[in-house]
Amino acid sequence: MKPTIPKGTRDFLPIEVTKRNYIFDTIKTVFETFGFQPIETPSFENSSTLMGKYGDEGDRLIFKILNSGDYLKKVDDKLLMDKNSVRISPKISEKALRYDLTVPFARYVVQHQNDIVFPFKRYQMQPVWRADRPQKGRFREFYQCDADVVGSKSLWQEVEFVQLYDEVFTKLGLTETIIKLNNRKILSGIAEIIGAKDKLIDFTVALDKLDKIGIEGVTNEMLGKGISQGAIEKVKPLFNFTGDNLEKLEQLKELLSASEEGTQGVEDLEFIIENIEKLGLSSARLEIDVTLARGLNYYTGAIFEVQTDKVAIGSIGGGGRYDDLTGIFGLKNISGIGISFGLDRIYMVLEELNLFKRVVLPKPTLVFINFGEKEAEYCMQTIKKLREMGIKSELYPDNVKLKKQMNYANRREIPFVVLVGEQEMQENNYTLKNMHTGEQTLCNLDDLIRLIKS
RNA sequence: GUGGUUGUAGCUCAGUUGGUUAGAGCGCUAGAUUGUGGUUCUAGAGGUCGCCGGUUCGAAACCGGUCUUCCACCCCA
């Protein structure tokens, strides 16, 4: 039988895991510098926790877990005969793999509200699963690294998250990232002044495609969704929305002056832009983008998305403010804001740009050649001492041909090999071979340590 | 969910309009070299040509189905 893994999943080689850990560690360090604490949640949740939170499209992409036991017995015959998957699946599946980290976090906050100190700042780095069709930068199992704050409406949080993005990508050596910023209130305001408030979702989805399908395409899609020609005329300025952030803010102010909510959104943006301007960013660029809509329905304020134009890949991070996420689980008036890093896409970007130069695969500094039982025992005594000093070392486990043992050291790029045969044992010394230069030295233990440390 | 693409040795890939026993490079094993790796040379092992069915005297090649790979759309990180 030929071994395979499921569609959209991957195995990782040691070097790949090492590189991934480097990204994890970098993000984790920055999260903790900003005052976030780690939590974890189970890989699967009750279906009722997840279903209906991501829209119809999202529900379709959630991996459902079959109930245990004779699960078909409980389903009534009529339902079975109908063969309607959507109606049968809740009967035979009560658990599902998590689709993101935000909704499980909302559940977590509500469930542990008495143990949590608010405002609660948490970070979480775990895999999520989506039953998507895999393609470039898109997998069915991938890692998200999230940081969220719940219990604070302060716009300083938005400011801090922009700084956090900047800090992480700067540390990873990925410069000139574009942090796109928008506000759901602005989108609502726009929809309001064109009199298509009920079509907000359709409107934003269409507007989001501006750079892909152009003005004409967006206009056609909006018309197709029942948005009037007159309404589209009113927002035409947005189709040629240029200039720097301050100029954009002025244009928005004017456009949205009739909408209370829209005006509020502009003020929010203004606060973030102004303060980031004052504080400065290391390598990222903050950019207002009114076409930024994001599919997730739960954002209510700021919306973030991070892109790089150095590699053709989707966004490498995203997030935003959600005022009522915990409300679904019964805890009202708790505002949350969070951002997410797409680890797997960041990996692909760093790989493509050759930014893993500093990452080295962990490996022993020296390997002891195995010449037999007696010699192995003698070597293990030395290895024990070396390990106590933090020197990574190992014994080749089997007494096989020297050639094979040397080849092993060579393949693993282990810098030193130690040969201890009968003669060395008697004289209580070691033959140290530098695999790079081929040079060999006969020495005692102290000299050995000194040589490998230099 | 829609459209396209891919599948031949452990890996990367050749394989002529359908024709004897399906090849190469790398890797692996052994030897040249019994206490010395990288280089070189020699030899060897390794294949249900993704799977099922069909066309044909004859299929790795043609046809249908299915699974898989990768890509685009939808949507998303």
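Throughout, a chain's letter reflects where its sequence line sits, starting with A, and its residues are numbered from 1. All values below were derived from every heavy atom in this structure, side-chain atoms included, with hydrogens, water molecules and symmetry-related copies excluded.
Residues from residues 131-139 of chain A with heavy atoms under 4.0 angstrom of RNA chain B, sorted by number: A:Arg133, A:Gln135, A:Lys136, A:Gly137, A:Arg138, A:Phe139.
A:Ser47 pairs by the side chain to side chain contact (heavy atoms under 4.5 Å, CB included) definition with A:Met51, A:Ser93, A:Ala96, not counting sequence neighbours. Every residue meeting the side-chain hydrogen bond (donor to acceptor under 3.5 Å, both in side chains) condition with A:Ser283, not counting sequence neighbours, appears here in chain and number order: A:Thr170. A search for side-chain hydrogen bond (donor to acceptor under 3.5 Å, both in side chains) contacts involving A:Asp56 returns nothing, not counting sequence neighbours. Legend: residues meeting side-chain hydrogen bond (donor to acceptor under 3.5 Å, both in side chains) with A:Asn182, ordered by chain and number and at least two apart, are absent. When the salt bridge (charged side-chain N to carboxylate O under 4.0 Å, His left out) test is applied to A:Asp59, no partner is found at least two apart in sequence or on another chain. Residues passing the ring pair (Phe, Tyr, Trp, His ring centres under 6.0 Å) test with A:Phe416, sequence neighbours excluded: none.
The P atoms of B:rU16 and B:rG54 are separated by 25 Å, rounded to the nearest whole Å. B:rG53 and B:rA14 have their P atoms separated by 28 Å, given to the nearest Å. Taking atom C1' in both B:rC63 and B:rU20, one finds a spacing of 26 Å when rounded to whole Å. One P atom belongs to B:rA59, the other to B:rU21, and the distance between them is 11 Å to the nearest Å. When the C1' atom is compared between B:rG46 and B:rA9, the two are found 6 Å apart, to the nearest whole Å. One C1' atom belongs to B:rA32, the other to B:rU69, and the distance between them is 43 Å to the nearest Å. Nucleotides B:rG64 and B:rA22 are separated by 25 Å at their C1' atoms, to the nearest Å. Annotation: B:rG44 and B:rU6 have their P atoms spaced 36 Å apart (nearest Å).
In A:Glu377, the CD atom is not crowded: 12 or fewer heavy atoms of neighbouring residues, nucleotides or ligands sit closer than 6.0 Å. Remark: A:Gln423 CD is loosely packed, at most 12 non-hydrogen atoms of other residues, nucleotides or ligands lying under 6.0 Å away. Surrounding CZ of A:Phe12 are more than 12 heavy atoms belonging to other residues, nucleotides or ligands, all under 6.0 Å away. Annotation: A:Phe34, atom CZ; neighbour count of heavy atoms from other residues, nucleotides and ligands within 6.0 Å is above 12.
In this structure, A:Gln405 reaches neither bases nor backbone, as no heavy-atom distance under 4.0 Å exists between it and the strands shown. Nucleic acid contact for A:Lys433: base, since at least one base atom lies under 4.0 Å from a heavy atom of the residue. Among the protein residues, A:Leu402 comes within range of the nucleic acid bases, having at least one heavy atom under 4.0 Å from a base atom. As judged by a 4.0 angstrom heavy-atom cut-off over every strand, A:Gly55 is placed among residues making no nucleic acid contact. Here A:Gly314 lies out of heavy-atom contact (under 4.0 Å) with every strand.
Residue pairs meeting the ring-ring contact (aromatic ring centres under 6.0 Å, His included) criterion with at least one member in residues 122-153 of chain A, sequence neighbours excluded: A:Phe24-A:Tyr143, A:Phe31-A:Tyr123.
Straight-line distance from the CG atom of A:Asp56 to the C1' atom of B:rC74: 14 Å, rounded to whole Å. At whole-Å resolution of the value, CG in A:Asn434 and C1' in B:rG37 are 12 Å apart. Whole-Å rounding puts the A:Leu101 CG to B:rC76 P distance at 17 Å. The OH atom of A:Tyr54 sits 19 Å away from the P atom of B:rC75 (whole-angstrom rounding). One can place CZ of A:Arg130 at 5 Å from P of B:rA77, the figure rounded to the nearest angstrom. With rounding to whole Å, A:Ile5 atom CD1 is found 12 Å from B:rU69 atom C1'. Atom-to-atom, OH of A:Tyr430 to P of B:rU36 comes out at 22 Å; the value is rounded to the nearest Å. The interatomic distance linking A:Asp148 (CG) with B:rA77 (P) rounds to 13 Å, in whole Å.
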Tabulate atom names and distances for all N/O pairs under 3.5 angstrom spanning the protein and nucleotides 32-34 of chain B.
none

Could you run down the sub-3.5 Å N/O contacts of the protein with nucleotides 25-30 of chain B?
from, atom 1, to, atom 2, distance (Å)
B:rC28, OP1, A:Arg411, NH1, 2.9

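Projected onto RNA chain B by closest heavy-atom contact, A:Gln440 and A:Ala312 fall at different nucleotides, the more 5' of which corresponds to A:Gln440. Comparing A:Glu57 and A:Phe371, the nucleotide of RNA chain B nearest to each residue sits closer to the 5' end for A:Phe371.
With hydrogens and angles ignored, a donor-acceptor pair closer than 3.5 Å exists between the side chain of A:Arg345 and the base of B:rC76. On a pure distance criterion of 3.5 Å, a polar donor-acceptor pair joins the side chain of A:Glu424 and the base of B:rG35.
Comment: A:Arg321 does not engage A:Asp268 in a salt bridge, judged by the lack of any side-chain N to carboxylate O separation of less than 4.0 angstrom. The pair A:Asp447-A:Arg450 meets the salt-bridge criterion, since a charged nitrogen lies less than 4.0 angstrom from a carboxylate oxygen.
Ring geometry for A:Tyr54 against A:Tyr99 counts as tilted: the plane angle lies between 30° and 60°, on a 0 to 90° scale. Ring geometry for A:Phe169 versus A:Tyr165: interplanar angle under 30°, hence parallel rather than tilted (30 to 60°).
Remark: RNA chain B takes part in the stems B:1-4 with B:70-73, B:10-13 with B:23-26, B:28-32 with B:40-44, B:50-54 with B:62-66, each of 3 or more antiparallel Watson-Crick or G-U pairs, criterion distances under 3.5 Å.
Residue A:Phe142 and nucleotide B:rA77 are classified as a stacked aromatic pair, their ring centres being separated by less than 5.5 Å at an interplanar angle below 30°.
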Could you go through residues 356-372 of chain A and list every donor-acceptor pair under 3.5 Å that involves a side-chain atom there, pairing it with any protein atom two or more places apart or in another chain?
from, atom 1, to, atom 2, distance (Å)
A:Arg358, NH2, A:Tyr22, OH, 3.1
A:Lys363, NZ, A:Glu413, O, 3.3
A:Asn370, OD1, A:Gly372, N, 3.0
A:Asn370, ND2, A:Tyr396, O, 3.0
A:Asn370, ND2, A:Pro397, O, 3.2

